[in-house]
Structure formats: C-alpha cells, structure tokens
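Heavy atoms only: backbone and side chains are in, while hydrogens, waters and symmetry mates are out. To find a chain, count down the sequence lines: A is the first, B the second, and so on, and within it residues start at 1.
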Amino acid sequence: MSVRTLSVEAVSKVGAEVTIKGWVNARRNMGKIVFLDIRDRAGTIQTVGVPSQMTPESVERLKEVRLEWVLELKGAVQERGAKQKNPNSPTGAVELLIKELKVLAKAEPLPLDLEDEKIGLGIHLDYLPITLRSEKYRALFKIQAEIVRGFRDYLNAQGFTEIQAPKIVAAAAEGGADVFEVKYLKNKATLAQSPQFYKQIMVGVFERVFAVGNCFRAEQHATTRHLNEFTGLDLEFGMIEDHHDVMNLETELLRHILNHLDKTVSSELKLWSYIRPELPEKIPYFKLREVQELIKKETGVDHTNEPDLEPGEEKWLGNYVQEKHHSDFVFITHYPTAKRPMYTYPDEADPEFTKSFDLLFRGVEITSGGQRFNDYNQLVQSMKNKGLNPEDFKFYLESFQYGMPPEGGLGLGLERLTARLLGVDNVKEATLFPRDLNRIDLQLSPPEYKQ
RNA sequence: GGGUCGGUAGAUCAACUUGGUUAGAUCGUCUCCCUGUCACGGAGAAGGUUGCGGGUUCGAGUCCCGUCCGACCCGCCA
C-alpha cells in the first residue's frame with residue numbers, strides 16, 4: 001500500500017504499513033537513532049530511523065542523508081509516546097518508523113538557510129529555485145494562486161467569460177513608448193502592456209469578459225512596486241451606467257477574494273503579517289481634486305494643479321481613510337482627461353476630467369479602471385485630440401463601428417495586491433520570477449562573470 | 001533616466017569614525033560523541049585576493065578616484 005500524500009488524514013492511520021516519498025526538511029541525528037522530517041506537497045511528517053528496525057542497506061543510506069534529499073521511505077505509522085507528541089505540527093501525534101529507505105535524489109549542501117528571515121532580497125532572488133521551497137514562500141504563492149482562483153470564481157458566477165488575450169500585439173499601443181519591440185515580426189509588433197484593446201473588443205462578443213495574463217512594461221524603473229513583467233487581472237463588461245458600476249463590482253469582487261482566502265489558506269496567511277483588510281460596504285471615493293484640496297487643508301502642501309497624486313500622498317491618503325472611514329481601500333476618480341488614455345470617458349458635467357478611477361490599497365495603487373468610450377465617433381475624435389492616427393487603430397475600431405454598448409472595466413495588479421495583503425515590502429518578493437532591469441533569473445552581470 | 005545609501009567567509013553581520021602585527025562572531029558545512037529529538041545537544045576543524053582596477057602612504061578592509069553590482073527614493077504606472 002502506498003500513501004501518496006502526507007496530509008493529516010493520510011498519515012494518521014496508526015499501524016498502517018505505508019510508503020511515502022518526499023524531501024528531507026530537517027534531520028536530527030541522535031547517534032543511534034535519526035529523525036528525518038519529510039515534506040511533500042501536502043505537509044510534513046516526522047520519521048524515525050532505528051537501526052534494529054531497518055534493513056542493513058537502509059542503515060548505511062540513512063547515515064548519508066542530508067537536507068533536501070528526496071527519499072522513498074517504507075515503514076509503519078506509529079503513535080508517539082505522550083511526552084513525544086508535538087502539538088505544533090498537524091502530524092505531531094504520529095511518526096513513521098522506517099523499515100526501508102531508498103534515495104530518489106541527492107542534494108548538494110544548501111548555499112543558505114531556507115527558513116532564514118534575514119536573507120537579502122538579491123540573494124533570495126538569485127537562489128529562487130530553492131528559496132521558493134521554504135515554508136513562507138510556499139505559503140505566499142499558494143495564497144497568490146487562491147487570489148487568482150477567487151477572482152475567476154467570482155467573475156464566472158457573475159456571467160463573465162474568461163478570454164486569452166494575445167501578448168504579441170500591433171505596435172500602435174495605448175500609451176506609446178513603454179513597450180518592448182518584437183523585431184522578429186515584419187510588421188512592427190510589441191509585447192502587450194495590457195489586454196485593454198482585446199478585452200474591449202470581446203465585450204462586443206460576450207458582453208462580460210475577464211483575462212488573467214502577463215503584461216509587459218519597458219520602463220527603466222527601480223522601485224519596490226514596479227516590474228517589467230507583471231500579472232494583470234483584467235475585466236471588462238457592457239451595459240453599465242457609469243464608472244460606479246465598475247467600482248461596485250470591484251468592491252464585491254475583493255470581498256469574495258478575501259472570504260475565499262479565509263476559507264482556503266488561513267494557515268498560510270498566519271505565516272505572514274496578514275491583517276485582514278477592512279472593506280466597508282461601500283469603499284470611500286473622492287475626486288482627485290477633492291483629495292488634493294484635502295491634502296492642502298490637512299498638510300498645507302498645495303498640489304491642487306497636479307495631474308496625479310505622488311506616492312507619498314497616496315500613503316498619506318491610505319492612512320487617512322483608514323482612520324476616518326475604517327477602510328484599507330479608497331477610490332480616486334476624475335483624473336484629468338489630458339492624462340488618461342484616449343479610450344477614457346470624460347465626465348459630461350466637467351469634460352476636463354474623466355469617469356475613471358484608481359483604487360489605492362494601503363497607500364499603493366493596485367487598480368486603474370473606468371468607463372470607456374463606446375461611441376465610434378467620440379472615440380475617433382478622442383484619438384485625434386491625443387495626436388493619434390485612427391488609421392493605426394482600424395482593427396480595434398471595428399468593434400465600435402458595429403454596436404458597442406456603454407462599457408467599462410479595470411485592471412488589477414496581482415503582485416501588488418499580494419504584497420500589500422501580506423505586508424511584503426517589495427513587490428518582487430511577491431512575484432514568482434520577477435523581471436527587472438538587472439535581473440532575469442540571475443543578475444545579468446554578476447561580478448564573477450566580468451571580463 | 002535623476003538621486004541616496006551600500007558591497008567584508010556559503011548566509012547574516014562586526015572591525016571603518018581615529019589607517020597599524022595573525023580581519024572576528026553567529027548560523028550553515030565537514031569530522032567525532034550521543035536511543036526521543038522536533039531550530040536537538042556536546043567537542044573540534046575547514047572556510048576570506050575585504051566586488052574589481054588604480055592612487056595616496058613606511059603601511060589600506062579602513063582615505064581618494066574610476067568601474068561593476070545591489071537596495072531604496074523620484075519620474076511613470078498595475
């Protein structure tokens with residue numbers, strides 16, 4: 001009989017003869033007897049090697065075993081003595097008495113301590129293939145996977161259809177300069193900075209759509225919240241009244257995700273400094289100019305003519321709404337029309353400003369969204385106002401020529417959401433394999449490779 | 001792209017302020033001891049061209065210049 005998982009249920013059958021396979025998570029050599037903590041996808045269990053109970057070959061093999069070796073162990077599950085139970089482990093009441101030990105893979109000595117909290121970010125990133133094995137990082141990326149699942153579950157339940165947006169796109173993009181060129185293709189192509197055009201086109205097909213996918217930004221930034229490749233959680237839907245429909249949807253979407261995390265990864269959340277975010281019935285929202293007036297009134301800093309908030313002001317506002325409104329989230333609406341992309345819908349009452357919004361979570365921007373132009377002629381005019389040539393966007397414009405309902409949507413940064421949720425300072429720590437200016441899997445020019 | 005701080009064993013740091021003999025500590029690694037540990041414990045050992053290049057000096061980890069690398073801040077954004 002073979003146990004295929006170290007889940008509590010599977011290893012708790014005292015007396016059962018089982019075979020388990022896993023990595024050596026810890027090794028405690030007491031001289032004659034040796035304890036090995038074995039880890040697999042579902043958990044860990046203590047195993048104990050007593051020479052008199054093992055085959056002679058297994059006794060010899062056990063002496064060689066080190067951390068991260070992969071073993072196949074055959075033995076009997078036994079209840080531990082009263083003084084030997086470990087209340088800190090879910091499998092702490094039992095252990096496996098080893099009879100046979102087979103080595104499936106050896107491992108070199110580790111270059112660092114996997115559970116050491118003080119490893120520098122640069123070293124952590126250089127050794128990701130092994131540092132990701134630590135309990136904390138396994139938990140982090142399990143949580144991230146459940147955020148994505150929560151996103152999908154909620155939107156599917158609301159009648160959204162998941163789409164796969166292309167990542168190789170035509171050169172004429174939303175913004176302009178900040179894209180990676182794809183030189184291989186004859187017609188000039190770039191990597192997509194977002195699925196924006198394609199999710200809008202697909203509103204004309206499915207009415208409600210969402211996409212989970214990589215977004216590429218060719219920007220020379222070096223901050224704790226930027227990446228050259230990140231995961232966009234995007235959605236777009238038709239038949240809306242205005243941007244408030246999008247904001248309300250995001251509020252309920254976030255509520256679902258938080259509840260989902262409580263249900264699925266509560267023990268993983270405890271490994272990080274997770275404080276459940278305060279999410280009121282209605283997330284407070286302010287117009288950009290209102291926030292700037294507020295900042296002027298409260299702090300004396302006059303930025304009432306700036307087109308956006310500075311990162312320091314975003315942090316200030318995050319604290320402010322936390323205290324005054326008991327919310328870790330705040331929407332800022334009505335960014336200047338001049339600063340927003342050409343598809344952004346202006347407020348009819350004040351066309352200098354848009355029916356767009358950003359969502360700040362604990363002082364960091366995690367979402368941009370809003371209502372979009374759905375009228376073909378207005379959209380073409382907006383392109384011209386921005387100095388863009390509608391000819392370059394013919395393909396995109398087809399969907400607006402042939403019947404596009406009032407629509408809007410948003411994009412949510414998965415890594416930023418994860419980082420803020422868990423109290424992680426640098427977004428790269430919340431990214432499985434972060435890409436930035438100087439690093440793709442390793443430093444691009446490590447000192448030892450020079451010359 | 002602009003700015004700030006930093007780079008010393010495999011990891012995390014000390015020595016730098018005020019230049020001075022053999023650059024220390026903890027964890028890890030290796031060897032030995034240990035039958036109830038769970039961050040096991042005990043004894044011992046190995047491990048460094050102080051990122052790299054140049055300069056000042058009788059003497060540089062320490063001071064100066066250059067260079068590479070990293071972290072952070074700004075612009076921009078999710």
Enquirer: State whether a side-chain donor-acceptor pair under 3.5 Å links A:E250 with A:T367.
Expert: yes

Enquirer: Using a heavy-atom cut-off of under 4.0 Å over every strand shown, decide if A:R66 touches base, sugar-phosphate, or nothing.
Expert: sugar-phosphate

Enquirer: For B:G19, what is the paired nucleotide under Watson-Crick or G-U wobble rules, both distances under 3.5 Å?
Expert: none

Enquirer: Taking the six-membered ring for Trp, are A:F180 and A:F216 parallel (under 30°), tilted (30 to 60°) or perpendicular (over 60°)?
Expert: perpendicular

Enquirer: For the C1' atoms, the ones on B:C32 and on B:G51, what distance do you get once it is rounded to whole angstrom?
Expert: 37 Å

Enquirer: Roughly how many Å is it from CD in A:E64 to P in B:C30, rounded to a whole number?
Expert: 10 Å

Enquirer: What distance, rounded to whole Å, do you find between the two P atoms, one in B:A14 and one in B:C34?
Expert: 40 Å

Enquirer: Applying ring pair (Phe, Tyr, Trp, His ring centres under 6.0 Å) to A:F160 and A:Y154, what does each step give before you reach the verdict?
Expert: CA-CA 9 Å; A:F160 283 70; A:Y154 181 77; 8.1 Å; no

Enquirer: Among side-chain atoms of A:H256 and A:D153, is any donor-acceptor pair under 3.5 angstrom?
Expert: no

Enquirer: What's the gap between B:A46 and B:G10 when it is taken at their C1' atoms, as a whole Å value?
Expert: 13 Å

Enquirer: Which nucleotide wins on minimum distance to the side chain of A:E314, given the candidates B:C77, B:A11, B:C73?
Expert: B:C77

Enquirer: Considering only side-chain heavy atoms of A:P311, which listed nucleotide, B:G10, B:G75, B:C77, is closest?
Expert: B:G75

Enquirer: Of A:P51 and A:R225, whose closest RNA chain B nucleotide lies nearer the 5' terminus?
Expert: A:P51

Enquirer: Between A:K32 and A:I119, who's closer to the 5' end of RNA chain B by nearest nucleotide?
Expert: A:I119

Enquirer: In this structure, how many angstroms lie between the P atom of B:A71 and the CG atom of A:D436, rounded?
Expert: 7 Å

Enquirer: Would you kindly give the CD-to-P distance between A:E68 and B:U29, to the nearest whole Å?
Expert: 12 Å

Enquirer: Between B:U22 and B:G66, how far apart are the C1' atoms? Round to whole Å, please.
Expert: 32 Å

Enquirer: In whole angstrom, what separates A:K428's NZ from B:C72's P?
Expert: 6 Å

Enquirer: Tell whether A:H226 reaches the base of B:C76 with its side chain through a donor-acceptor pair below 3.5 angstrom.
Expert: yes

Enquirer: Checking side-chain polar atoms at under 3.5 Å, does A:R28 have a donor or acceptor matched by the opposite partner on A:Q46?
Expert: yes

Enquirer: Evaluate A:Y345 against A:F373 for ring pair (Phe, Tyr, Trp, His ring centres under 6.0 Å), listing each step before the verdict.
Expert: CA-CA 5 Å; A:Y345 204 96; A:F373 278 118; 5.5 Å; yes

Enquirer: According to the Watson-Crick and G-U wobble definitions, with both distances under 3.5 Å, which nucleotide is paired to B:U4?
Expert: B:A71

Enquirer: Can you classify the ring geometry of A:F197 versus A:Y396 as parallel (below 30°), tilted (30 to 60°) or perpendicular (above 60°)?
Expert: tilted

Enquirer: Kindly say if A:T223 contacts the phosphate of B:C74, meaning a side-chain N or O under 4.0 Å from OP1 or OP2.
Expert: no

Enquirer: I want to check one thing: is the phosphate of B:C72, taken as OP1 and OP2, less than 4.0 Å away from some side-chain N or O of A:T224?
Expert: no

Enquirer: Roughly, in whole Å, what's the span from CG in A:L114 to P in B:G10?
Expert: 18 Å

Enquirer: Please determine, for B:G44, whether a Watson-Crick or G-U wobble partner exists with both distances under 3.5 Å, and give it or none.
Expert: B:C30

Enquirer: Expressed as a whole number of Å, how far does the C1' atom of B:U12 sit from that of B:G7?
Expert: 14 Å

Enquirer: Tell me: CG of A:L67 to P of B:C27, nearest whole Å?
Expert: 16 Å

Enquirer: Please state the C1' separation for the pair B:U17 and B:G55 - nearest whole angstrom.
Expert: 23 Å

Enquirer: With both distances under 3.5 angstrom, what nucleotide forms a Watson-Crick or G-U wobble pair with B:C77?
Expert: none

Enquirer: Rounded to whole Å, please give me the gap between NE2 in A:H124 and C1' in B:A71.
Expert: 14 Å

Enquirer: In whole Å, what separates the P atom of B:U8 from that of B:C58?
Expert: 30 Å

Enquirer: With a 4.0 Å cut-off on heavy atoms, is A:E115 in touch with a base, just the backbone sugar-phosphate, or nothing at all?
Expert: nothing

Enquirer: Side chains of A:S368 and A:D358: is there a donor and an acceptor less than 3.5 Å apart?
Expert: yes

Enquirer: Is the closest side-chain donor-acceptor distance between A:T190 and A:E181 under 3.5 Å?
Expert: no

Enquirer: Which parts of nucleotides 36-48 of chain B does protein reach within less than 4.0 Å, heavy atoms only, written one letter per nucleotide 5' to 3' as B for base, S for sugar-phosphate only and - for none?
Expert: BBB-B--------

Enquirer: Will you find, in the side chains of A:Q78 and A:E95, an N or O donor that is under 3.5 Å from an N or O acceptor?
Expert: yes

Enquirer: May I ask you to evaluate whether A:K118 reaches the phosphate of B:U26, defined as a side-chain N or O under 4.0 Å from OP1 or OP2?
Expert: no

Enquirer: Expressed in whole Å, how much space separates the C1' atoms belonging to B:G48 and B:U29?
Expert: 16 Å

Enquirer: How far apart are the C-alpha atoms of A:K199 and A:D234, what are their side-chain angles, what is the distance that settles it, and do they pass the salt bridge (Lys or Arg N to Asp or Glu O under 4.0 Å) test?
Expert: CA-CA 8 Å; A:K199 64 179 182 175; A:D234 271 89; 2.5 Å; yes

Enquirer: When you measure from the side chain of A:K339, which nucleotide among B:A78, B:G10, B:C76 comes out closest?
Expert: B:C76

Enquirer: A:I123 has an atom CD1; how far is it from atom C1' of B:C69, in whole Å?
Expert: 11 Å

Enquirer: Using a 4.0 Å heavy-atom cut-off across all strands, classify A:L227 as base, sugar-phosphate, or nothing.
Expert: base

Enquirer: Categorize A:G232 for me: base, sugar-phosphate, or nothing, with a 4.0 angstrom heavy-atom threshold over every strand shown.
Expert: nothing

Enquirer: Which ones in residues 137-148 of chain A lie close to RNA chain B, meaning a heavy atom under 4.0 Å from one of its atoms?
Expert: none

Enquirer: For B:U57, which nucleotide in any strand shown is its Watson-Crick or wobble partner with both distances under 3.5 Å?
Expert: none

Enquirer: With A:L128, which residues qualify under side chain to side chain contact (heavy atoms under 4.5 Å, CB included), at least two apart?
Expert: A:H124, A:L125, A:T131, A:L132, A:F433, A:P434

